[in-house]
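Below: one structure, written as structure tokens.
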Amino acid sequence: MNLTTMRLDTAVDINGETQIAGVIAWPVGHSLSPPMHNAAFKHLGLNWAYAAFEVPPDRVKQAIAGLRGLQMRGLNVTIPHKAAVVEYLDEVSEIAQILDAVNTITNVEGHLTGYNTDGPGFLRAVAEVGEEVTGKRVTVIGAGGAARAVAVAVARADAEELTILNRTASRAVQLSELVTQHSPLAAVPALGLDAPEAAEAVRSADILIDCTPVGMHPHEDVPPVVPAGWLTGHQLVCDLTYNPRETVLLQAARQVGARTLDGTGMLVHQGAIAFERWTGQEAPVAIMRQALLEGLDRG
Ligand code: NAP
């Protein structure tokens, strides 16, 4: 089967035995998770379906009670509910506790467990392009939710050095403290993007990871989060933004001969890990990626 020319049918047949999973968000917007997971269920012949639920903040408690009461098999959790769900779960994984953010809930016979698959998803995306963070000098730009997940994962995967740059320097310092508390790294330099040492922190990185929304649709034409002149050809430059796939930073990286990794890799793999936790089956990553890319193309 040629995945590049065949268009996926992600609609599922629902009957009396269909198992239900989904995502809660507010607003739910154009979530790409339903096509991605439904394509995977269909491909593996699983009688499961995945739906998106728009849940306002004052209904989070009821939503989790609904997951239990309706015996749904699992949920993804996204902005703004990742911290709010924690108090309604029976168990929360160590990483989700450290981050105070759950993006995946499993329901195993009424026992709800919260996980965070963002960091592991990022590491799998890096592995998929034949790289690894272990033993590398890594610079993370950003100190928001995505940066927290990625920085903790990178540090716990034994990066040799990690530096955090952020527009607001105090938030970089907070993230640095979190990372040093929960990883083997004894020191994690934290700098404002406007600090004199920021250019060197970018230039000397083996792996640079932009965890900011700079360059995200509809603001594709802004300057990159760091000057293009700071990038070098020996680097792997990653951008977590997935719309557009090639952000202004990745364009600049390509032009200096650096390897690049766009945000679709992390998005697919955080979903694949959730899928595996719910179903116990290996996720069909190629199918999930195709559904995601088709969803992105549709806009
Ligand atoms: P967030 O919590 O709001 O954090 C945003 C971060 O970006 C903050 O550190 C903020 O700095 C910085 N920032 C925002 N605007 C900036 C600007 N103009 N210049 C410099 N820095 C700026 O957001 P998030 O949830 O972490 O998401 C960040 C990006 O990652 C988004 O594009 C999101 O789509 C993407 N993401 C991708 C995946 C994936 O699976 N690929 C998963 C999660 C998120 P301050 O602290 O100074 O405000």
Side-chain angles (χ1 to χ4, degrees), residues 21-26 31-33 36-37 50 53 55 57 60 63-64 67 72-108 111-128 133 138 140 142-159 162 164 171 174-185 188 209 211-213 238 240-242 263-280 283 285 288:
V23 56
I24 58 169
W26 190 73
S31 174
L32 296 164
S33 294
M36 195 165 75
H37 285 284
Y50 185 107
F53 300 98
V55 175
V60 169
I64 301 303
L67 167 63
M72 291 169 59
R73 297 295 295 274
L75 279 180
N76 284 133
V77 181
T78 186
I79 293 168
H81 303 319
K82 288 184 176 188
V85 296
V86 168
E87 65 173 302
Y88 307 119
L89 305 179
D90 300 310
E91 196 180 334
V92 175
S93 75
E94 186 194 358
I95 293 292
Q97 280 179 44
I98 291 169
L99 300 172
D100 193 25
V102 161
N103 80 338
T104 301
I105 303 172
T106 57
N107 181 4
V108 179
H111 186 86
L112 304 190
T113 306
Y115 299 92
N116 192 304
T117 68
D118 280 337
F122 174 75
L123 295 181
R124 277 201 195 181
V126 170
E128 198 177 39
V133 300
V138 179
V140 163
R148 286 162 63 89
V150 166
V152 168
V154 162
R156 288 168 71 103
D158 293 325
L162 173 63
I164 295 164
R171 292 190 75 204
Q174 282 168 16
L175 177 51
S176 156
E177 287 168 2
L178 184 81
V179 173
T180 50
Q181 273 165 30
H182 298 287
S183 79
L185 288 176
V188 173
I209 312 165
C211 306
T212 75
C238 314
L240 301 196
T241 293
Y242 48 82
T264 58
M266 174 170 165
L267 192 57
V268 167
H269 284 286
Q270 61 77 31
I273 297 169
F275 182 95
E276 288 166 7
R277 291 207 180 277
W278 294 327
T279 65
V285 171
M288 294 175 81

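Considering Asp118, Asn116, Asp100 in turn, Asp118 is the only one that fulfils the side chain to side chain donor-acceptor pair (under 3.5 Å) rule with Lys82. The side chain to side chain contact (heavy atoms under 4.5 Å, CB included) test with Val179 is passed by exactly one of Leu162, Val154, Ile98: Leu162.
His269 places no side-chain N or O within 3.5 Å of a backbone atom of Glu128 that could act as its donor or acceptor partner. Not one N or O on the side chain of Trp278 forms a donor-acceptor pair closer than 3.5 Å with the backbone of Asn107. A donor-acceptor pair is defined here as one N or O able to donate and one able to accept, closer than 3.5 Å; no such pair exists between the side chain of Glu91 and the backbone of Thr113. The main-chain N or O of Leu185 is found under 3.5 Å from a side-chain atom of Ser183 such that the two form a donor-acceptor pair. Between the side chain of Asp90 and the backbone N or O of Leu112 there is at least one donor-acceptor pair closer than 3.5 Å. A donor-acceptor pair is defined here as one N or O able to donate and one able to accept, closer than 3.5 Å; such a pair exists between the side chain of Arg156 and the backbone of His182.
Residue Val133 comes nearest to Ala157 through the heavy atom pair CG2-CB, 3.6 Å, listed as atom of the first residue, atom of the second, then distance. The two atoms that bring Ala274 and Thr117 nearest to each other are N-CG2, 4.2 Å, heavy atoms only. Residues Tyr50 and Ser33 share a closest heavy-atom pair of OH-CB, 3.3 Å. Heavy atoms only, all atoms of each residue included: Ala147 and Val140 are closest at CB-CG1, 4.1 Å. Taking all atoms of both residues into account, the shortest heavy-atom contact from Thr241 to Pro213 is OG1-CA, 4.0 Å. Minimum heavy-atom separation, Ala151 to Leu175: CB-CD2, 4.1 Å.
Within the 4.5 Å cutoff, side-chain heavy atoms of Ile64 are placed close to those of Leu75. Counting heavy atoms from C-beta outward, Leu67 and Tyr88 have side chains that stay 4.5 Å or more apart. Here the side chains of Val23 and His37 are not in contact, with every heavy-atom distance at 4.5 Å or above. The shortest distance between side-chain heavy atoms of Val85 and Ile24 falls below 4.5 Å. Looking at heavy atoms from C-beta onward, Ile273 lies out of side-chain contact with Tyr115 at the 4.5 angstrom threshold.
Atom CZ of Phe275 is separated from atom CE of Met36 by 10.5 Å, given to the nearest 0.5 angstrom. Interatomic distance, Met288 CE to Leu267 CG, rounded to the nearest 0.5 Å: 9.0 Å. Once rounded to the nearest 0.5 Å, the distance linking CG of Asn103 with CD of Gln270 reads 5.5 Å. We find the NE2-CG distance between His81 and Asn76 to be 13.0 Å, quoted to the nearest 0.5 Å. Remark: Ile164 CD1 to Gln174 CD distance equals 11.0 Å, nearest 0.5 Å. Here OG1 of Thr264 is found 11.0 Å from CG of Leu240. Values are rounded to the nearest 0.5 Å.
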For Ile209 and Phe122: C-alpha separation, side-chain torsions, deciding distance, then whether side chain to side chain contact (heavy atoms under 4.5 Å, CB included) applies. CA-CA 10 Å; Ile209 312 165; Phe122 174 75; 3.6 Å; yes
